[in-house]
Amino acid sequence: MRSLLAGFPLDDERLDGFKQGLAEANLSIDDVPILETIPGEPSAGAVVFDRAPEATAILTMSDWQAITILDEAVRRGIGVPGHVSVVGFDGTAESARTTPPMTTVAQDVIGKGRLAARMVIDNEAPPPGRSAGRTGGSSLHSRAEGKNPLKRADAPSASGAALAASFR
C-alpha cells in the first residue's frame, strides 16, 4: 500500500480509507496523485492546483487543508463545486462557514471524548486492532447544494481526483 512520507499513524489510516472508497468506485489509488502539504499553510491550495490542474475532485486529510484549497479556487476563479469538488476531513466549525460551502467528513468528537475518558478512568489500552483515536462514528456533511461531491459526470476516472495528504 502507498504510504505517506510524514504525519501521524491516523493519516495512513485515512489514506487507506480513501483507497477503499476509490476501490468501491472501481478506481485505483495508484492512479491518483497524492500531494503532501502542511495543513493550513496558505500555499497548500496553490500547490495542489499547480501539481494537479486536471483534478475534478480533491480529498483532503483535514478541513484546514480543504479551506486553503477553497481559498485558492476562489483566487483562481475555479468554480466549486462546478469545476472541482473539495472534501475536507474533521467537521470543524470553520468548515461550516466557508465560501463556497465545503463538504467534510465529520468525526464523532463526543464519542472520542467519552472513549478517552473511559480509557483514562479504567486505565485501559485501546481495544486490539483499533487505534485510540477511532470510535467508528463519522458522517459526510455535504454543503455543496445537495450534490454528492464524489459522483461527478465529468470525473469518470481516477485521473480526475487528487488526494491532498497532510503532514504535521
Side-chain angles (χ1 to χ4, degrees), residues 1-25 27-76 78-109 112 131 133-134 137-145 147-152 154-155 157-168:
M1 180 185 119
R2 286 170 72 175
S3 63
L4 301 174
L5 299 175
F8 296 112
L10 285 177
D11 292 339
D12 283 320
E13 290 183 35
R14 288 181 184 180
L15 183 63
D16 189 49
F18 290 155
K19 176 184 174 182
Q20 291 173 27
L22 289 168
E24 289 172 13
L27 302 172
S28 171
I29 197 166
D30 294 327
D31 297 329
V32 176
I34 297 177
L35 310 170
E36 293 191 47
T37 65
I38 298 171
E41 175 65 36
S43 65
V47 168
V48 171
F49 285 117
D50 289 346
R51 294 191 186 162
E54 72 289 348
T56 56
I58 301 171
L59 309 175
T60 68
M61 294 216 180
S62 75
D63 286 346
W64 286 4
Q65 198 171 38
I67 290 168
T68 65
I69 291 168
L70 289 176
D71 290 345
E72 185 65 17
V74 168
R75 192 181 77 67
R76 293 183 183 208
I78 297 170
V80 176
H83 178 75
V84 65
S85 295
V86 178
V87 179
F89 200 106
D90 289 326
T92 62
E94 292 81 7
S95 71
R97 295 189 291 270
T98 62
T99 302
M102 185 173 87
T103 297
T104 184
V105 177
Q107 298 188 60
D108 178 9
V109 293
K112 284 183 169 188
S131 68
R134 282 193 286 155
S138 62
S139 60
L140 183 67
H141 291 197
S142 181
R143 299 185 179 102
E145 302 171 12
K147 296 179 181 178
N148 182 335
L150 303 180
K151 298 227 181 215
R152 299 174 48 96
D154 59 343
S157 70
S159 64
L163 296 178
S166 63
F167 66 88
R168 295 167 183 102

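Looking at residues two or more places apart in sequence or on another chain, you find a side-chain hydrogen bond (donor to acceptor under 3.5 Å, both in side chains) between Q20 and D16. Every residue was checked against the side chain to side chain contact (heavy atoms under 4.5 Å, CB included) condition with P53, not counting sequence neighbours, and none meets it. Under the rule for a side chain to side chain contact (heavy atoms under 4.5 Å, CB included), the partners of R76 that lie at least two apart in sequence or sit in another chain are A46, F49, D50, E72, I78.
Looking only at distances, no side-chain donor or acceptor of D90 sits under 3.5 Å from a matching main-chain atom of S62. Distance alone, capped at 3.5 Å, is enough to place a donor-acceptor pair between the T60 side chain and the V87 backbone. Distance alone, capped at 3.5 Å, is enough to place a donor-acceptor pair between the D63 side chain and the G91 backbone. Remark: the backbone N or O of A106 is not paired with any side-chain donor or acceptor of T104 at under 3.5 angstrom.
Across V47 and L35, no two heavy atoms sit closer than the pair O-CD1, 4.4 Å. Nearest heavy-atom pair, A66 versus M102, reported as atom, atom and distance to 0.1 Å: CB-SD, 3.3 Å. E41 and T68 make their closest contact through O-CG2, 3.5 Å (heavy atoms, listed as atom of the first residue, atom of the second, distance). Across every non-hydrogen atom of P33 and A52, the tightest pair is CG-CB, 4.2 Å. Taking each heavy atom of P100 and L70 in turn, the nearest pair found is O-CD1, 3.7 Å. The shortest non-hydrogen separation linking T92 to S95 is O-OG, 2.6 Å.
No side-chain heavy atom of S85 sits less than 4.5 Å from a side-chain heavy atom of T56. A heavy-atom distance below 4.5 Å is found between the side chains of I29 and L15. Here the side chains of I58 and V48 are in contact, with some heavy-atom distance below 4.5 Å.
Note that the CZ atom of F18 and the CE atom of M61 stand 5.0 Å from one another [nearest 0.5 Å]. Note: L22 CG to E24 CD = 9.5 Å, rounded to the nearest 0.5 Å.
Using modelled atom types and a 3.5 Å distance limit, the side chains of Q65 and T37 yield a donor-acceptor pair.
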